[in-house]
Structure formats: structure tokens, C-alpha cells
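Chain letters run A, B, ... following the sequence lines, proteins first and then strands; every chain starts at 1.
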Amino acid sequence: MVRDIEGQARRGAFEGAAIGRGVYVISVAAELAGMHPQTLRVYERRGLLEPTRTGGGSRRYSEHDLARLRRIAELTDAGLNIEGVRRVIELEAELAELRAELERERELARLREKEIHRHYRRDLVPLSQAVVHVKSSQIRRL
DNA sequence: ATTCTTACA
DNA sequence: TGTAAGAA
């Protein structure tokens, strides 16, 4: 569809700066990833990737897709097969989500602790100012 | 030029 | 697993 790779890359860099929209046609995405178009199709069929589709049905790869392709390249070079790559990426996404959740919970805990200390200060009265009435029978018990 | 299917190293 | 050829 578009043979001008530089033109495509420029558009991708520009539009991608705003949002990670699908902009690259498969031939350009493959070129940028150092792979063959067929390889990208195989990855998609195996569930490693899911580029958006145009109304006509052709694939459009986003900057995020390219980043994923680079990650796939790292893992395959490390010796993982496609299924291994798929599971690693899946777990990495899950880990990132859990870490984000942990941070949110930590922030909530920090706010709750802060609130508790506020109550403490409001209820406490310095001993030097306290007026205490104690029966002599209670003092002996101490 | 892209899609999918089929075949090969 | 990745690549190539075929046809639409």
C-alpha cells in the first residue's frame, strides 16, 4: 500500500507521539523490526501480537506493537519458542499490573496511617495539664 | 501491496 | 521456526 518507508516512519513518529495508534503497514513494521512480513503474521496467529485492522482488513502496527516485536526478538534470541515468548509476555504484563496495584494500596495505607495519627494527637492531653482524681484504694493496687 | 493457505528447510 | 510461492 505504502512503499515509502521513511514517510511511513515519519508519520508514525509524529502520530505515535500523541497516541500509540496503529500506523505502520506490515511491510514497514517488518522492516523496522528487522523481520519478514510473514513472520509478523505468524506471531499474530500464535497470539503474540494483535495489530489493529483497517476497514479493508489490512494490519496496522502501532509503536507499542513495534516495542512488543523488539521484546519478542529478545526472547526468541534467548532461546524461547513462540509459546514461551507468549507466556513470558503475559506474565510480565500481569506483574506490571500487580505492581501498580501494590503501589495504589501502599498509598492508601499511608493515608490511613496519617489519619490515625491525627486522631491520636486530638485525643491525647499532656500529663502536666491533666487533672487526675484517684481513690487511695486504687493507688495501692498499682 | 496485502491477505491467507500451503509447502519446505 | 522462519521463509517462499501461489492465488485472490
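In terms of heavy atoms, A:Asp65 sits closest to A:Arg60 at OD2-O, 4.0 Å.
In this structure, A:Tyr43 does not reach the C:dT1 phosphate: none of its side-chain N or O atoms is under 4.0 Å from OP1 or OP2.
Counting to the nearest Å, the C1' atom of C:dG2 and the CZ atom of A:Arg46 are 12 Å from each other. For the pair A:Tyr61 OH and B:dT3 C1', the computed distance is 11 Å after rounding to whole Å. Between the CZ atom of A:Arg45 and the C1' atom of B:dT5 there is a distance of 8 Å, given to the nearest Å. Distance CD1 (A:Ile26) to C1' (B:dC4): 11 Å, rounded to an integer number of Å. When the C1' atom of B:dA1 is taken as reference, atom CZ of A:Arg59 falls 13 Å away, rounded to whole Å.
Between the A:Arg68 side chain and the A:Leu48 main chain, a donor and an acceptor come within less than 3.5 Å of each other.
Looking at A:Asp77 and A:Glu74, their side chains never come closer than 4.5 Å, going by heavy atoms from C-beta outward.
Summarising the geometry, atom CZ belonging to A:Arg87 is positioned 13.5 Å from atom CD belonging to A:Glu92; distances are rounded to the nearest 0.5 Å.
Annotation for A:Glu94: atom CD does not count as buried by contact number, only 12 or fewer foreign heavy atoms lying within 6.0 Å.
For the contact set between residues 73-86 of chain A and DNA chain B, defined by any heavy atom under 4.0 Å, there are no members.
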- Note on the structure: For nucleotides 3-8 of chain C, 5' to 3', base contacts (B), sugar-phosphate-only contacts (S) and non-contacts (-) with protein non-hydrogen atoms under 4.0 Å give BBB---

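Residues A:Tyr24 and A:Glu31 bring no donor and acceptor atom of their side chains to less than 3.5 Å of each other.
Each of A:Leu40, A:Leu32, A:Val23 was scored for a side-chain contact (heavy atoms from CB on, under 4.5 Å) with A:Tyr61, with one residue passing: A:Leu40.
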Taking only N/O atoms, report every protein-nucleotides 7-9 of chain B pair under 3.5 Å with atom names and distance.
none

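With salt bridges taken as basic N to acidic carboxylate O contacts below 4.0 Å, one links A:Arg118 and A:Glu115.
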